[in-house]
Amino acid sequence: MKTGIAVFLLSLALLASGCPKRVTIGEIEANPDKYRDKEVAIAGTVQTSYGVSLPIGRSGGIYKVGDGTGSIWVITKDAVPSRGAEIGIKGKIQNGVTYNGKNYGLVLMEDDRRFRKR
């Protein structure tokens, strides 16, 4: 019984260690060097989005998310979410990113996202 509990707790600790640290956008904006090239998780509301259809049947784009402490552009290889969507995003912080000929400065390169259930 004690061995089973120990294995369960160890498994839980290993799973938790694989999750990125959740931070506010304000924290990222205040100290971008601390988060550059690191995986983080943020949550907020989509303020605006621009999608692109690629000739091979794929989509992608860029969208801006705000959380009340700041806002950040997010680059995705998937379809962009609609304005007003409440989402959580996991990805890496990059600086000086150019997309479609425009420089967006500080961005989050999306790896995964989840929509808030209503």
Check your understanding: Can you list the steps and then say if Ile93 with Ile28 is a side chain to side chain contact (heavy atoms under 4.5 Å, CB included)?
Key -> CA-CA 8 Å; Ile93 297 296; Ile28 296 168; 3.9 Å; yes
Exercise for review: Show your reasoning for whether side chain to side chain contact (heavy atoms under 4.5 Å, CB included) applies to Glu110 and Asp78.
Suggested key: CA-CA 9 Å; Glu110 179 189 273; Asp78 295 322; 4.0 Å; yes
Review point. For Arg36, does the CZ atom sit with more than 12 other heavy atoms under 6.0 Å from it, leaving out its own atoms?
Key: yes
Testing the basics here: between [X] and [Y], what is the closest heavy-atom pair and its distance to 0.1 Å?
X	Y	answer
Glu29	Gly70	OE1-CA, 3.5 Å
Asp37	Gln94	OD1-NE2, 2.9 Å
Asn95	Leu106	OD1-N, 3.7 Å

Atom pair [atom1] ([X]) and [atom2] ([Y]), whose distance is rounded to the nearest 0.5 Å:
X	Y	atom1	atom2	result
Asp67	Glu86	CG	CD	12.0 Å
Arg113	Ile89	CZ	CD1	7.5 Å
Leu108	Lys92	CG	NZ	11.5 Å
Ile25	Thr69	CD1	OG1	5.5 Å
Tyr63	Ile87	OH	CD1	4.0 Å

Exercise for review: Under the side chain to side chain contact (heavy atoms under 4.5 Å, CB included) rule, what do Trp73 and Ile75 come out as? Steps first, then yes or no, please.
Suggested key: CA-CA 7 Å; Trp73 287 99; Ile75 295 180; 5.8 Å; no
Distance-only, no hydrogens or angles: does the [X] side chain make a donor-acceptor pair with backbone N or O of [Y] under 3.5 Å?
X	Y	value
Ser49	Pro81	yes
Arg83	Gln47	yes
Thr24	Glu27	yes

Exercise for review: Using side-chain contact (heavy atoms from CB on, under 4.5 Å) as the criterion, list what pairs up with Ala43, not counting sequence neighbours.
Suggested key: Arg22
Exercise for review: With side chain to side chain contact (heavy atoms under 4.5 Å, CB included) as the test, would you mind laying out the steps for Val40 and Lys21 before giving the verdict?
Suggested key: CA-CA 5 Å; Val40 298; Lys21 179 182 179 184; 5.6 Å; no
Point to revise | Validation row: Val80, Ile62 side chains within 4.5 angstrom (heavy atoms) | key: no
